[in-house]
Amino acid sequence: MVSAILKGRPGKNLILVTGRAHPRLAADVADQLGIDVLETTAYDFANGEMYVRYTESVRGADVFVLQTHSDPVNKSIMEQLIMIDALKRASARSITAVCPLLGYSRQDKKHLGREPISCRLMFDLLKTAGADRIMSVDLHAAQSQGFFDGPVDHLIAMPVLVDYVRDRMDLSKVAVVSPDAGRIRVAEQWAQRLGGVPLAFIHKTRDITQPNKAVAHRVVGDVRGLDCVLVDDLIDTGGTIAEACNVLDEAGANSITIVATHGVMSGPAVERLKSCKAKEVILTDTVPIPQEKRWDGLTVLSIAPLLASAIKAVFEDGSVARLFDTYPAHHGQGFLFA
């Protein structure tokens with residue numbers, strides 16, 4: 001029988017718990033770690049308030065609370081805060097909030113006066129609830145780690161995604177494209193990992209007074225006749241990325257492949273992605289993607305090995321950065337970081 005507790009050095013035990021936002025991902029991470037997810041009693045009261053209680057003792061354990069902030073976002077966040085508070089009051093030795101997608105991470109700075117910096121508020125809430133450490137994948141802005149007064153493990157999904165692309169495309173004909181100037185640094189890393197392929201970006205403007213409104217104008221860089229890999233961190237309504245595909249097609253791209261970490265896909269996103277010029281959309285499962293949001297041109301890769309390896313490294317007092325520093329030039333599918 002598989003235990004819910006992974007034993008380490010004397011006096012150290014690892015426990016993985018999860019909220020109700022993405023139980024499949026938690027089960028996959030637990031499987032990678034060779035344990036079960038600790039059973040949790042969780043339900044909603046009639047007025048929407050939530051109740052959480054752990055069915056076993058967590059005293060003295062290193063507990064990892066996995067909860068992605070997916071729809072309904074605010075409920076997912078609140079449930080994780082309650083879970084962390086319960087662990088603190090149950091005398092857990094350490095508490096790590098594992099947020100594959102961190103809610104409000106796009107609101108990391110002020111564009112106009114009288115605006116909040118909601119990303120900072122998120123880190124403050126997790127800290128106040130009792131989190132000693134935060135782990136997330138592809139934050140909207142890496143520097144937002146500085147909002148948390150403690151360790152933040154900022155994981156990157158690039159190794160998982162790069163591997164898939166590299167195995168399936170002729171790299172002599174590939175160009176990496178950033179959907180805007182702000183993602184150029186990430187696109188540069190992609191181009192480097194794919195062997196120094198050409199780089200381009202879409203010049204666009206955004207109406208900061210309206211959500212999810214951006215207009216793509218032109219391609220900066222030559223993509224004519226090339227297979228373009230359009231890389232982004234998150235796809236929400238899909239408007240920006242779909243328009244970028246149209247701009248690349250008009251610029252003479254041979255084919256377009258969209259790659260992103262977080263497939264939120266709100267509202268019209270699925271129809272926009274299905275009808276745009278992209279031949280394939282590649283995402284990870286940091287957020288649940290139900291069957292009704294899937295189609296033949298969508299590929300969803302598992303982020304569980306990456307999360308499990310980072311969790312194991314933290315538990316064993318190892319180096320999380322080393323998971324990426326020692327990432328080989330090519331490792332094929334099925335690579336386990338741990």
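Every value quoted in this text rests on a predicted model; they were computed, and no experiment measured them.
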query = How long is the gap from CD1 on Ile134 to CG on Asp132, to the nearest 0.5 Å?
reply = 10.0 Å
ask   = Quick check: does any side chain N or O of Ser302 sit under 3.5 Å from a backbone N or O of Ala304, one acting as donor and the other as acceptor?
value = yes
ask   = Residues two or more places apart in sequence or in another chain: which of them pass side chain to side chain donor-acceptor pair (under 3.5 Å) with Arg89?
value = Asp85
inquiry  = As an exercise, state the distance from CG of Leu230 to CD1 of Ile241, rounded to the nearest 0.5 Å.
reply    = 4.0 Å
request  = Sequence neighbours left out, what passes side chain to side chain donor-acceptor pair (under 3.5 Å) with Arg120? Give chain and number order.
outcome  = Asp124
key: Asp296 atom CG: more than 12 heavy-atom contacts under 6.0 Å   = no
request  = Can you measure from CG (Leu102) to CZ (Phe147) and round to the nearest 0.5 angstrom?
outcome  = 11.0 Å
Donor-acceptor list for residues 274-282 side chains, cut-off 3.5 Å, not counting sequence neighbours:
unit_1: Ser275; atom_1: OG; unit_2: Glu271; atom_2: O; d: 2.7
unit_1: Ser275; atom_1: OG; unit_2: Arg272; atom_2: O; d: 3.4
unit_1: Glu280; atom_1: OE2; unit_2: Tyr164; atom_2: OH; d: 2.7
unit_1: Glu280; atom_1: OE2; unit_2: Thr299; atom_2: OG1; d: 2.6

request  = Report whether Tyr51 and Tyr54 are members of the same hydrophobic cluster (ILVMFWY, side-chain heavy atoms less than 4.5 Å apart, transitive linking).
outcome  = no
key: salt bridge (charged side-chain N to carboxylate O under 4.0 Å, His left out): pairs with one or both residues in residues 135-144, sequence neighbours excluded   = none
query = Are Ile156 and Val29 linked, directly or through other ILVMFWY residues, by side chains that come within less than 4.5 angstrom of each other?
reply = yes
task = With the side chain counted from C-beta on, respond yes when Val52 and Thr40 share a heavy-atom pair under 4.5 Å apart, and no when they do not.
result = yes
query = Looking just at side-chain N and O atoms, do Ser94 and Asp62 make a donor-acceptor pair shorter than 3.5 Å?
reply = yes
query = Do the side-chain N and O atoms of Thr286 and His262 include a donor-acceptor pair separated by under 3.5 angstrom?
reply = yes
task = Just grab all the side-chain hydrogen bond (donor to acceptor under 3.5 Å, both in side chains) pairs involving residues 142-154, residues at least two apart or on different chains.
result = Arg133-Asp153
query = Strictly by modelled atom types, are Gln107 and His140 linked by a side-chain donor-acceptor pair under 3.5 Å?
reply = no
ask   = Would you find a donor on one side and an acceptor on the other, under 3.5 Å apart, between the side chain of Thr284 and the backbone of Thr261?
value = yes
request  = Could you go through the salt bridge (Lys or Arg N to Asp or Glu O under 4.0 Å) check for Asp233 and Arg106 one step at a time?
outcome  = CA-CA 10 Å; Asp233 62 325; Arg106 285 178 285 179; over 6 Å; no
query = What residues form a ring-ring contact (aromatic ring centres under 6.0 Å, His included) with Phe45, not counting sequence neighbours?
reply = Tyr43
request  = May I ask you to check whether over 12 heavy atoms, not counting those of Met78, lie within 6.0 Å of atom CE?
outcome  = no
message = Would you compute the distance between atom CZ of Phe64 and atom CD1 of Ile15 and round it to the nearest 0.5 angstrom?
response = 11.0 Å
ask   = Is there a side-chain contact between Val176 and Arg193, using heavy atoms and a 4.5 Å cut-off?
value = no
query = Taking the hydrophobic residues Ile, Leu, Val, Met, Phe, Trp and Tyr, and joining any pair whose side-chain heavy atoms are under 4.5 Å apart, which ones share a cluster with Leu101?
reply = Leu234, Val264, Val287
query = Cluster question for you: counting only ILVMFWY and a side-chain heavy-atom cut-off of under 4.5 Å, with indirect links fine, are Val165 and Val197 together?
reply = yes
task = Report, as yes or no, whether the 6.0 Å neighbourhood of atom NZ on Lys293 holds more than 12 heavy atoms from other residues, nucleotides or ligands.
result = yes
ask   = Under the side chain to side chain donor-acceptor pair (under 3.5 Å) test, which residues partner Gln67, sequence neighbours left out?
value = Glu79
note = Those residues at least two apart in sequence (or on a different chain) that pass salt bridge (charged side-chain N to carboxylate O under 4.0 Å, His left out) with Asp170 are none
inquiry  = When you group the ILVMFWY residues by side-chain heavy-atom contacts below 4.5 Å and let the links chain together, are Val63 and Ile77 in the same group?
reply    = yes
task = Could you state whether Val98 and Leu139 fall into the same hydrophobic cluster, counting links through intermediate Ile, Leu, Val, Met, Phe, Trp or Tyr residues with side-chain heavy atoms under 4.5 angstrom apart?
result = no
Thr55 side-chain N/O to Glu39 backbone N/O, donor-acceptor pair under 3.5 Å = yes
query = Asn74: what forms a side chain to side chain donor-acceptor pair (under 3.5 Å) with it, not counting sequence neighbours?
reply = Tyr104
query = Do other residues, nucleotides or ligands put more than 12 heavy atoms under 6.0 Å from Gln192 CD?
reply = no
List, one per line, each side-chain donor-acceptor pair under 3.5 Å for residues 247-257, sequence neighbours excluded.
unit_1: Asn254; atom_1: ND2; unit_2: Asp227; atom_2: OD1; d: 2.7
unit_1: Ser255; atom_1: OG; unit_2: Asp227; atom_2: OD1; d: 2.7

ask   = Does Glu292 have any side-chain contact (heavy atoms from CB on, under 4.5 Å) partners at least two apart in sequence or in another chain, and if so, which?
value = Pro290
key: Worked verdict on Ser266 versus Asp236 for side chain to side chain donor-acceptor pair (under 3.5 Å)   = CA-CA 5 Å; Ser266 306; Asp236 192 354; 2.6 Å; yes
query = Would Asp180 and Arg183 pass as an ion pair if we require N to O under 4.0 Å?
reply = no
